[in-house]
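One structure below.
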Number of protein chains: 2
Amino acid sequence: MLLANADIDNGEGLTERQQAVLDAALRLLVEEGDNLTMTAVARRASCSKETLYKWFGDRDGLLTATVQWQASKVRVASVDGKGLDLASLTASLERFASDWLSVISSDTSIALNRVAVGHAGSGKDDLGAVVLENGRFALAKRLKPVLEAGRQAGLLEFADAEMAFRTFFGLVGRDVQIRLLLGDRLELTEAAIGGDAIRATQQFLALFGAKTGPQGL
Amino acid sequence: MLLANADIDNGEGLTERQQAVLDAALRLLVEEGDNLTMTAVARRASCSKETLYKWFGDRDGLLTATVQWQASKVRVASVDGKGLDLASLTASLERFASDWLSVISSDTSIALNRVAVGHAGSGKDDLGAVVLENGRFALAKRLKPVLEAGRQAGLLEFADAEMAFRTFFGLVGRDVQIRLLLGDRLELTEAAIGGDAIRATQQFLALFGAKTGPQGL
DNA sequence: GCCGAACCGTAACGTACGGTACGGCCCGCG
DNA sequence: CGCGGGCCGTACCGTACGTTACGGTTCGGC
């Protein structure tokens with residue numbers, strides 16, 4: 001912290017050492033799942049359990065701090081809605097889809113979602129809410145302006161932006177996330193992700209793209 | 001039920017008493033999540049722990065037995081592909097969508113998926129595989145013949161049935177399952193499910209319905 | 001009526017792990 | 001140089017829970 005780079009920005013007041021500890025916890029979470037022990041984290045991070053408890057108070061505290069810390073790293077570049085032609089809109093949608101698929105198929109995301117889902121049952125902490133907020137809702141918050149801009153430009157047609165977003169979400173994700181969470185081997189190569197992004201975008205445009213002529217439905 | 005119906009059919013060799021025990025375990029799973037204790041199950045089922053271990057061997061054994069038994073109950077009525085007109089195809093798709101949404105939004109399904117996802121991380125058992133097999137893959141197996149029949153009848157157009165199914169899956173489920181698993185309050189009324197089923201079906205038909213005239217894309 | 005098997009209730013054991021306490025080390029500061 | 005705070009390593013405690021063991025009870029078969 002004495003080397004005062006802008007830790008306030010991403011890590012919201014975390015010492016570099018603390019971030020290193022959280023990184024270790026995250027790596028351990030990916031490997032071990034929810035059954036990681038405080039001792040294991042301490043050993044991996046080369047710190048004492050006393051420090052762990054002093055800094056994060058609790059096992060749940062450590063977990064939520066880890067999840068939030070990882071969430072703060074996932075900020076993907078947002079797209080401004082200035083590109084008003086169909087090509088740039090398509091590119092933006094494809095980029096979103098591709099980024100999203102990359103995220104949800106990453107090891108860390110899978111591990112984090114797993115532990116969050118597991119904890120959502122017995123509501124001791126709000127890991128589920130945190131993941132939801134930084135995952136699905138953050139995505140919506142960044143994508144909706146693009147959709148609105150597309151509608152303003154006459155490229156898209158929809159009544160409810162939320163509904164349009166959810167459709168896009170479904171077209172992109174399909175069964176991928178639940179299959180990965182349930183342990184299905186489903187390796188998404190770079191190429192497959194790109195192809196899926198293009199397909200989902202085309203399907204979305206087919207459903208919500210503005211028809212030049214009169215349209216039914 | 002007491003009149004010795006074919007238990008061999010659904011319960012694959014489980015005595016009624018054992019099924020009752022599994023029912024208790026299931027109810028407890030819904031209430032407590034994965035942190036249910038053997039003692040709690042024994043108390044709820046009014047049986048001894050010794051019996052539990054004798055019958056299911058292990059805690060994981062009990063869990064898998066519970067999941068499999070619940071899975072054996074979810075068999076929804078399959079639809080034969082004899083109705084070749086658009087109306088019956090639409091009705092079938094809507095029925096599937098509605099059934100599926102009802103299932104994944106039910107308390108038991110959420111609880112089961114939660115524990116399966118949690119266990120998928122550290123692969124001690126194959127709960128994830130079981131759930132996947134009886135959930136998403138069973139759905140595909142039942143729906144694909146309908147899609148194929150629709151294609152045979154000239155009502156649908158697609159190259160890969162798997163791909164078409166996954167699109168339908170995405171259009172129906174969208175973000176519902178992950179949100180529910182992560183603990184988002186999202187109450188799906190009967191009416192909302194029906195509406196979603198109709199919407200998803202319409203969107204699917206818009207994407208994969210056979211155009212009478214020449215089509216682009 | 002008697003025997004053995006299955007099962008219930010409960011007590012007991014072992015262990016793993018969350019949480020805490022304590023001694024030693026480093027390091028900045030007076 | 002001495003002091004004190006922060007941290008490491010580790011040993012320790014309490015407890016919850018999986019698993020096992022055992023005495024008592026019901027019940028079908030002879």
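Lettering of chains follows the sequences in order, A, B, ..., and the numbering in each one begins at 1.
Between B:R199 and B:E94 there is no salt bridge, since no side-chain N of the basic residue sits under 4.0 Å from a carboxylate O of the acidic one. The pair A:E162-A:R136 meets the salt-bridge criterion, since a charged nitrogen lies less than 4.0 angstrom from a carboxylate oxygen.
The stretch residues 50-60 of chain B participates, sequence neighbours left out, in these side chain to side chain donor-acceptor pair (under 3.5 Å) pairs: B:S48-B:T51.
In this structure, the separation between CD on A:E133 and CG on B:D184 is 9.5 Å, given to the nearest 0.5 Å.
Rounded to a whole Å, the CG atom of A:L36 is 12 Å from the C1' atom of C:dG18. For the pair A:R17 CZ and C:dC27 C1', the computed distance is 16 Å after rounding to whole Å. Note: CG (B:L52) to P (C:dT10) measures 15 Å, nearest angstrom.
Residue-environment remark: CG (A:N35) exceeds the threshold of 12 foreign heavy atoms within 6.0 Å.
With sequence neighbours excluded, no residue forms a side-chain hydrogen bond (donor to acceptor under 3.5 Å, both in side chains) with B:E32. When the side-chain hydrogen bond (donor to acceptor under 3.5 Å, both in side chains) test is applied to B:R174, the partners found at least two apart in sequence or on another chain are B:D196. In terms of the side-chain hydrogen bond (donor to acceptor under 3.5 Å, both in side chains) criterion, B:D126 has no residue partners (sequence neighbours excluded).
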Atom pairs, protein N/O to nucleotides 19-25 of chain C N/O, distance under 3.5 Å:
unit_1, atom_1, unit_2, atom_2, d
C:dG19, OP1, A:D58, OD1, 2.8
C:dG19, OP2, A:Y53, OH, 3.4
C:dG19, OP2, A:D58, OD1, 3.0
C:dG19, OP2, A:R59, N, 3.1
C:dG19, N7, A:K49, NZ, 3.1
C:dG19, O6, A:K49, NZ, 2.6
C:dC22, N4, A:E50, OE1, 2.9

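Residue A:S46 is classed as a sugar-phosphate contact, given heavy-atom separations below 4.0 Å to backbone atoms only.
The span of DNA chain D lying next to chain B, judged by atoms under 4.0 Å from heavy atoms, is bounded 5' to 3' by D:dC17 to D:dC22.
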